[in-house]
Q: 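Quick one: this structure, given as structure tokens, is what I'll be asking you about.
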Amino acid sequence: MHDIAFIRANPEAFDAALARRGAEPVADKLVTLDAKKREATTKVQAAQSRRNEASKAIGQAMAQGDKEKAEALKAEVAEIKASMPEWEESAAAAGAALDDMLARLPNLPAEDVPQGADEEDNVEQHQWGTKRQFDFEPKEHADIGPALGMDFETGAKLSGARFTFLRGDIARLHRALAQFMLDKQTRENGYTECNPPVLVGDDAMYGTDKLPKFAEDSFRTTDDRWLVPTSEVPLTYSVAGEILPDLDQPIRMTAHTLCFRSEAGSAGRDTRGFIRQHQFEKVEMVSICRPEDSEAEHERMTKCAEGILEALDLPYRRMLLCTGDMGFGARKTYDLEVWLPGQGAWREISSCSNTGDFQARRMNARYRPEGEKKTTFVHTLNGSGLAVGRTLVAVMENYQQADGSVAVPEVLAPYMGGVTELGRIS
RNA sequence: GGAGAGGUGGCAGAGUGGUCGAAUGCGCUGCACUCGAAAUGCAGUGUGCGGGUGACCGUACCGUGGGUUCGAAUCCCACCCUCUCCGCCA
């Protein structure tokens, strides 16, 4: 959500920033609606003021037993009241139109976000690790998976396309990855472990900018709740409506949850394999911080995600997303792309975004700076640390061996109960 | 799911149609007293929106949304949430 006061004061700058994302200029329309709303509101308030005054006078007149005066005042109030609905409706209509427009506008990109149309224009920041050399032709995870217990057919039998049934040590490895990530985020990176609901109401989805634009990308329950597309939603929304006392330290939360996405716009993309599922697991990081701290926090968060890949010895590169590839609510995003030798491609495994005060405005999350009377909107950040399913894919492809087995990364040993390699099951 | 009770300011808690944005207590902030602290006294202490350079003014908000009324924290309706008991249940 954007600050209408800012747009009113800087219409050209607003449109220019929006244009970087390929959006049409709207400041003019917004300012007009805003003026309309405020004009009507002022009229309503003036009428209310007169009504309140007269009503008090009626009370006094009644107390003094002056019925005549009271009746005269009542007539006056009736007249005032008659003029109110028109302006009330006008104010409400303009306000609703304004809110609706604002709610559908994406966040403005930060200044250092490169201009671009799509992922082709993202800018690589750095690479880490060395791509493994294989003395055989490395396979894609979807080809080695079935023999190891990654059962796409049973997933499809149960639930349709984009569902997978894991069985045996590969299921355990999947669990081990999640445990490992969560432990690292909590023990080393200072995030508080959370276990939030994954069914949430409209407010939580709206506040974290998943609604109204992306309703068709999420699953809805029959009792009008939403299956979260990411635990960013419950973690971030946990501070909605709050006025936080101080934020000397950012509030850092992490959770390992199921995530659900209908993948409505992705027909035909990544239909094979475990990359794009309707249901997947993710360890999420969320930070709530002061505006002046959010840039540093964004860098820190991205490093926390990178730390997981480094511990697993998975080569990756960090991409700074261009204006055309950034998500709706982000003002700046880093994607981490892991190297998949089977596919011979870099694939997104984490996305860390600074949304600035965009979500905070929607969900009214503020804090009071030390010694100040005014409240300020917080900044919110979210990042994957990491997508568990995709990390499993990366481990499979990077740690595969000539016989189709997969070695277990050393750091996962404490979680694997002595299993050092995934072999064929039965 | 059934029955009952209840949702008021940071917290506790009064208020059941008229200067109520709301008593009182606690907490917090400032000032006074003190060498300092405690105790005490005095003053202040919610949020949004609109207007004004500003002191400030107006307006809305007592779970949420409607309604009745000249006037609603207070009456009516619907919904949400919490608590107690019963039922069911991992």
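Residue numbers begin at 1 in each chain, while the letters A, B, ... track the order of the sequences. Predicted model only: the values in this text are computed from it and were never measured.
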Q: Looking at every strand, decide which applies to A/N52 at a 4.0 Å heavy-atom threshold: base, sugar-phosphate, or nothing.
A: sugar-phosphate
Q: Contact class for A/T41 vs. all strands (heavy atom < 4.0 Å): base, sugar-phosphate, or nothing?
A: nothing
Q: Salt-bridged, A/R331 to A/D357, with N to O below 4.0 Å?
A: no
Q: Are A/H278 and A/F260 close enough that their ring centers fall under 6.0 Å?
A: no
Q: Which part of the nucleic acid, if any, lies within contact of A/R225, taking any heavy atom under 4.0 Å across all strands shown: a base, the sugar-phosphate backbone alone, or nothing?
A: nothing
Q: Expressed as a whole number of Å, how far does the P atom of B/G21 sit from that of B/U16?
A: 15 Å
Q: Determine the interatomic distance between P on B/U64 and the same-named atom on B/C81; round to the nearest Å.
A: 15 Å
Q: So what is the 5' to 3' dot-bracket string for RNA chain B, if pairs are Watson-Crick or G-U wobble with both distances under 3.5 Å, crossing pairs use [ ] and | means the partner sits on another strand?
A: ((((((((.[[[..)..(.....]]]((((((.......))))))((((((....)))))).[[[[[..)....]]]]])))))))....
Q: Contact between A/M1 and A/Y206 at the side-chain level, heavy atoms closer than 4.5 Å - yes or no?
A: yes
Q: Quick one: does A/Q45 reach the base of B/G58 with a side-chain donor-acceptor pair under 3.5 Å?
A: yes
Q: Which value, in whole Å, describes the distance between the C1' atoms of nucleotides B/G52 and B/U59?
A: 15 Å
Q: For A/F358 and A/H2, I'd like to know if the aromatic rings sit close, meaning centre-to-centre distance below 6.0 Å.
A: yes
Q: Any Lys/Arg nitrogen of A/R318 or A/E306 sitting under 4.0 Å from an Asp/Glu carboxylate oxygen of the other?
A: yes
Q: Roughly how many Å apart are B/G13 and B/A22, using the C1' atom of each and rounding to a whole number?
A: 13 Å
Q: Is any side-chain N of the basic residue among A/K139 and A/E397 closer than 4.0 Å to the acidic one's carboxylate O?
A: no
